[in-house]
Amino acid sequence: MRITAVESTELFVRAAAGEAPRQVVRVALAEVPDGASPEIEITGPGVRGGHTASGRPPGLAPEEPLVAEVPVTVEGSKDATESAVVPGVRVPITVRAAAGRERCTAEGELIVAEPGWTVWMIPH
């Protein structure tokens, strides 16, 4: 098993009621053992997150990577004048994946995004 890509996104998910939205990091894993559900952990300065990916979906060819979306919290990179996280800051991250005896690590970068967009669908 190996990590082939780490991609910062501008997507957010809400973990539970009352919690702040969590930014999504996409992780692509290649050569995932059959039946394995890799546990993925992301760490960095002020960045924490983890996710257990479901196993390979039916119909996914063996050479295709398994893509997992990992929600992370970002607490570092505070602006001196405000208490909010500054969007656009690049934070180095370490991604670790484990499935059974298989272990792999990769370095990446998280570009801090800003949550809060609301899309209104208005029929007419």
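Residues: numbered from 1 along the sequence shown.
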In chain order, what residues pass the side chain to side chain donor-acceptor pair (under 3.5 Å) check against R103, with sequence neighbours excluded?
none
Listed pairs under 3.5 Å, donor-acceptor, residues 92-101 side chains, sequence neighbours left out:
from : atom 1 : to   : atom 2 : distance (Å)
T94  : OG1    : E107 : OE1    : 3.1
T94  : OG1    : E107 : OE2    : 3.4
R96  : NH1    : T43  : OG1    : 3.2

Looking at side-chain heavy atoms only, is the closest gap between V13 and P21 below 4.5 Å?
no
Given side chains that start at C-beta, do those of I42 and V6 come closer than 4.5 Å, heavy atoms only?
no
Please answer: with hydrophobic residues joined when any side-chain heavy atoms are less than 4.5 Å apart, are [X] and [Y] in the same cluster?
X    : Y    : result
I111 : V91  : no
L110 : F12  : no
V47  : V112 : yes

Check against side chain to side chain contact (heavy atoms under 4.5 Å, CB included), Q23 and S8
CA-CA 9 Å; Q23 190 169 348; S8 178; 3.8 Å; yes
Take L11 and R26 through the test side chain to side chain contact (heavy atoms under 4.5 Å, CB included) and record every step on the way to the result.
CA-CA 10 Å; L11 303 174; R26 277 196 192 105; 3.4 Å; yes
Which residues pass the salt bridge (charged side-chain N to carboxylate O under 4.0 Å, His left out) test with E64, not counting sequence neighbours?
none
Do you know the tightest heavy-atom contact between G49 and V72?
CA-CG1, 3.9 Å
Residue pair A113 / P87: nearest heavy atoms and the distance that separates them
C-CB, 4.4 Å
For C104, run the side chain to side chain contact (heavy atoms under 4.5 Å, CB included) check against I40, T4, I3 and tell me which one passes.
I3
How far does CD of E7 sit from CD of E69, to the nearest 0.5 angstrom?
9.0 Å
Okay, side chain of T52, backbone of E39: is any donor-acceptor separation there less than 3.5 Å?
no
Is the CD atom of E109 crowded by more than 12 outside heavy atoms at less than 6.0 Å?
yes
